[in-house]
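Here the structure comes first, spelled out in structure tokens, and everything after it is commentary.
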Number of protein chains: 2
Amino acid sequence: MTNQQLFIRKALKLALENVQTGKGGPFAALIVKGNNIIASGTSLVTSLNDPTAHAEIIAIREACKILGTFQLRGCEIYSSCEPCPMCLGAMYWARLAKIFIASIMQDAANAGFDDAFIYSEFSKKISERKMPMVLMPQNEALEVFKEWKKKGDKVKY
Amino acid sequence: MTNQQLFIRKALKLALENVQTGKGGPFAALIVKGNNIIASGTSLVTSLNDPTAHAEIIAIREACKILGTFQLRGCEIYSSCEPCPMCLGAMYWARLAKIFIASIMQDAANAGFDDAFIYSEFSKKISERKMPMVLMPQNEALEVFKEWKKKGDKVKY
């Protein structure tokens with residue numbers, strides 16, 4: 001068995017345990033660097049009262065804490081399922097190198113999860129989405145960005 | 001001044017302070033229920049070493065902690081800028097009622113942020129994205145979802 005297969009099966013094992021122990025949904029993820037597992041996470045939305053506590057988000061946060069960095073360049077993520085938009089966005093911000101998945105969003109949708117619905121919302125014009133988004137332009141908004149641009153000692157991300 | 005204007009200006013004030021104090025990027029968000037601010041957040045990616053610590057994610061997590069829930073139905077979010085894909089996804093998972101913003105993703109892009117790039121990645125086929133995603137189908141993957149479906153006492157989210 002290759003390391004890749006070991007990692008993806010490990011993620012699935014954690015996902016199964018997460019359901020069986022009642023901690024949360026059927027999802028888990030690992031952050032891997034080279035041949036080493038840096039961190040793992042499972043879905044803890046309902047046990048932590050945190051809608052952002054998806055497996056991938058937890059694994060990314062934990063790996064960053066362990067490595068002392070806010071970017072995971074050179075790391076890969078093994079996830080039991082295709083990431084939802086929130087988690088895919090987090091993977092981009094973390095600058096992960098590659099994503100491995102064991103199932104796809106339709107599998108999650110069939111199990112009652114909103115991933116596919118949320119992706120479909122993203123592909124619509126803002127005015128056609130179920131969640132209304134209202135632009136309230138303010139002069140101060142541009143001032144905030146100006147302040148950022150002129151700041152000499154800022155840490156970019 | 002309406003409450004909506006007060007809230008959006010409060011978000012901009014927090015965003016400006018976040019830059020000036022060196023805590024992080026030029027973003028802030030408030031969670032509002034009725035006429036009350038439940039929680040706020042600013043971008044703390046670089047000061048917390050956490051790529052998921054965007055203003056909106058922090059505000060959502062904090063509001064859920066305060067309200068003791070993993071969904072924010074009936075709450076609205078006031079954000080200094082249009083949410084990135086990660087944060088928009090989090091807003092859907094939190095079931096927020098409405099989003100108010102003071103600037104748009106092009107403003108963030110002009111200040112050096114990846115929001116627009118990440119949205120453009122979402123609109124591409126998986127095979128054409130910069131971050132490769134590899135499907136490794138496993139029999140265990142479907143077992144995990146079966147376990148979830150048959151679990152009688154699960155908390156759906």
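As the structure is a prediction and not an experimental result, all values here were calculated from the model. Each chain gets a letter, A, B and so on, in the order the sequences are listed, and its residues count up from 1.
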Under 4.5 Å from any heavy atom of chain A - which part of [X]:
{"X": "E76(B)", "answer": "neither"}
{"X": "I126(B)", "answer": "side chain"}
{"X": "L72(B)", "answer": "neither"}
{"X": "D115(B)", "answer": "both"}
{"X": "C81(B)", "answer": "side chain"}
{"X": "I101(B)", "answer": "both"}

[X] with [Y], same ILVMFWY side-chain cluster at under 4.5 Å:
{"X": "L30(A)", "Y": "I57(A)", "result": "no"}
{"X": "I104(B)", "Y": "F117(B)", "result": "yes"}
{"X": "L44(B)", "Y": "I77(B)", "result": "no"}
{"X": "I58(A)", "Y": "Y78(A)", "result": "no"}
{"X": "L48(B)", "Y": "F70(A)", "result": "no"}

First locate atom [atom1] of [X], then atom [atom2] of [Y], and finally report the distance between them rounded to the nearest 0.5 Å.
{"X": "M136(B)", "Y": "R9(A)", "atom1": "CE", "atom2": "CZ", "answer": "8.5 Å"}
{"X": "L16(A)", "Y": "E143(B)", "atom1": "CG", "atom2": "CD", "answer": "8.5 Å"}
{"X": "D50(B)", "Y": "T69(A)", "atom1": "CG", "atom2": "OG1", "answer": "11.0 Å"}
{"X": "Y157(B)", "Y": "S47(A)", "atom1": "OH", "atom2": "OG", "answer": "9.5 Å"}
{"X": "M91(A)", "Y": "M133(B)", "atom1": "CE", "atom2": "CE", "answer": "8.0 Å"}
{"X": "L12(B)", "Y": "L142(A)", "atom1": "CG", "atom2": "CG", "answer": "9.5 Å"}

So which residue, [options], ends up with the most heavy-atom pairs under 4.5 Å with chain B?
{"options": "Q71(A), K154(A), E82(A), K130(A)", "value": "E82(A)"}
{"options": "A94(A), P137(A), G25(A)", "value": "G25(A)"}
{"options": "S80(A), A28(A), A108(A), S123(A)", "value": "A108(A)"}
{"options": "H54(A), K13(A), E140(A), M131(A)", "value": "M131(A)"}

So which of [options] has the largest heavy-atom pair count under 4.5 angstrom toward chain A?
{"options": "P85(B), G89(B), P51(B)", "value": "P51(B)"}
{"options": "D107(B), I118(B), V144(B), I99(B)", "value": "I99(B)"}
{"options": "Q138(B), Q5(B), K146(B), K156(B)", "value": "Q138(B)"}
{"options": "E121(B), Q20(B), R61(B)", "value": "R61(B)"}
{"options": "I8(B), L96(B), V45(B)", "value": "V45(B)"}
{"options": "F122(B), Y119(B), F27(B)", "value": "F122(B)"}

[X] side chain near [Y] side chain, heavy-atom distance below 4.5 Å:
{"X": "V134(A)", "Y": "Q4(B)", "answer": "no"}
{"X": "L88(B)", "Y": "R129(A)", "answer": "yes"}
{"X": "W93(A)", "Y": "D114(B)", "answer": "yes"}

What closest approach, in Å, do T52(B) and A90(A) show between heavy atoms, and which atom pair accounts for it?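 So the minimum-distance heavy-atom pair works out to CG2-CB, 4.1 Å.
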So which atom in W148(B) and which in G24(A) form the shortest heavy-atom distance, rounded to 0.1 Å? CZ3-O, 3.6 Å
State whether the number of non-hydrogen atoms from other residues, nucleotides or ligands found under 6.0 Å of K151(A) atom NZ is greater than 12. yes
Considering residues, nucleotides and ligands other than K149(A), do more than 12 of their heavy atoms fall under 6.0 Å from its NZ?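 Yes.
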Just do the side chain to side chain contact (heavy atoms under 4.5 Å, CB included) check on C84(B) and Y92(A) with the steps written out, would you? CA-CA 11 Å; C84(B) 79; Y92(A) 273 93; over 6 Å; no
